[in-house]
Amino acid sequence: MAKILGNNLPNIPWQDAPEGYPYPMWRYNNNPVITRDNLFMANSIFNSAVVPYKDGFAGVFRVDFRSRDQKLVVGFSDDGITWNLKDKVIFEGYDPRLCLLEDKYYLSWVNHTPHGTTIGIAYTEDFEEWVQMEDACYPVARNGVLFPRKINGEYCLLIRPCDKGHTPYGDIYISRSLDLTYWGKHRFVMSPVKIWESTKVGAGPTPIETDEGWLMFYHGVLTSCNGFTYSIGAALLDKDEPWKVLHRADCYLLAPHEPYEVYGDVPNVVFPCCALTDAETGRIAVYYGAADTSVALAFTTIDKTIDYIKKNDLIK
Ligand code: BMA
């Protein structure tokens, strides 16, 4: 039995797997949980991140407005399912991740610059006031994901170097820092291997610490005759040297199959940006963008995911 090393979250959004369901990750039966109707003038609300906050939850949401400007807003929820989004734009950009790190909530996101995208970093204590730090790298990069604690005295950031467009390649790297400002000691983590992820891979939620290593959910992209298909995969990274991949599932955990994943502004996308965890029960709730249109929710447990990774292990 694998263990999540983290806090208990008794109010994690949760549904048991449907009777007899054979796969490790299953969908919330009332998906999607957030749609364009959650905010006036939104065209789409998708790849977004949430964290436990006070007695409920807070989040940073990617909103593409009717102007098609890509912006981030804050929202709050009592149960993690019904959300109240605020009008105020906190940053321009997209694909936010949130990470509770030393009593502050750190936001990393795809920050636009005149020269391409980079990884913006900011923090807050109350989801009202934000302090923006230096960007974590020069352009061009996306999918910047912080680890929730220092590892051997260094902050760690998963990152995916890319180009200025719809990048036709992509590997995951780690950069390290003593102060969250100067980043270096870069290490390669992994490349696409299997067909379902053969175009590119990028880290998803904040990695989950377990007694077997860091559980990293990621997106993998296949280029088919019809364009890109984004699916969710999982790997276990070494506890002390997280650029070492210990185990990695050779097949996806969730792929676009439901109508809200297959139809939308960008069809055939499930794009995970955040996971809530309950250490006591091992429950994990993954929030993912569906078809670049809405936010949906899926569930797994640490045991089911690690079992699936090991049974279908790419690392021999
Ligand atoms: C990626 C990112 C994501 C998006 C995905 C599919 O490059 O821009 O925001 O969900 O493409 O369009």
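As the structure lists them, so they are numbered: ligands from 1, and atoms in each ligand from 1. Please read all numbers here as calculations on a predicted model, not as lab measurements. Just the heavy atoms: all of them, side chains too, but no hydrogens, waters or symmetry mates, feed the values below.
- Considering Lys200, Arg160, Arg142 as possible partners of Thr167, the one that fulfils the side chain to side chain donor-acceptor pair (under 3.5 Å) test is Arg142.
- Close approach to Asp292 involves these atoms of ligand 1, each under 4.0 Å from a residue heavy atom: 4 (C), 6 (C), 10 (O), 12 (O).
- Residue-ligand proximity, Asn47 to ligand 1, at heavy-atom distances under 4.0 Å covers atoms 3 (C), 4 (C), 9 (O), 10 (O).
- The closest protein non-hydrogen atom to atom 8 (O) of ligand 1 is Tyr94 CE1, 3.5 Å.
- Taking the ring centroids of Tyr288 and Phe217, they lie at or beyond the 6.0 Å cut-off.
- Contact between His166 and ligand 1 is absent, with no heavy atom of the residue lying under 4.0 Å from the ligand.
- Considering both main-chain and side-chain atoms, Asp95 comes within under 3.5 Å of ligand 1 through a nitrogen or oxygen pair.
- Annotation: Lys200 places no N or O atom under 3.5 Å from an N or O atom of ligand 1; distance criterion only.
- Put simply, Leu101 and Leu98 are part of two different groups of oily side chains (I, L, V, M, F, W, Y) that touch within less than 4.5 Å, one to the next.
- With a 4.0 Å heavy-atom cut-off, ligand 1 is reached by no atom of Val110.
- Using modelled atom types, no side-chain atom of Tyr173 and backbone atom of Trp243 make a donor-acceptor pair closer than 3.5 Å.
- Note on ring orientation: taking the six-membered ring where Trp is involved, the planes of Trp14 and Trp26 are perpendicular (angle over 60°, cut-offs 30° and 60°).
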Enumerate donor-acceptor pairs with a distance under 3.5 Å from any side-chain N or O in residues 33-41 to protein atoms, sequence neighbours excluded.
unit_1: Thr35; atom_1: OG1; unit_2: Asp37; atom_2: N; d: 3.2
unit_1: Arg36; atom_1: NE; unit_2: Asn43; atom_2: O; d: 2.7
unit_1: Arg36; atom_1: NH2; unit_2: Asn43; atom_2: O; d: 3.2
unit_1: Asn38; atom_1: OD1; unit_2: Thr35; atom_2: N; d: 3.1
unit_1: Asn38; atom_1: ND2; unit_2: Trp83; atom_2: O; d: 3.4

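- Protein heavy atom at the shortest distance from atom 7 (O) of ligand 1 is Tyr230 OH, 3.5 Å.
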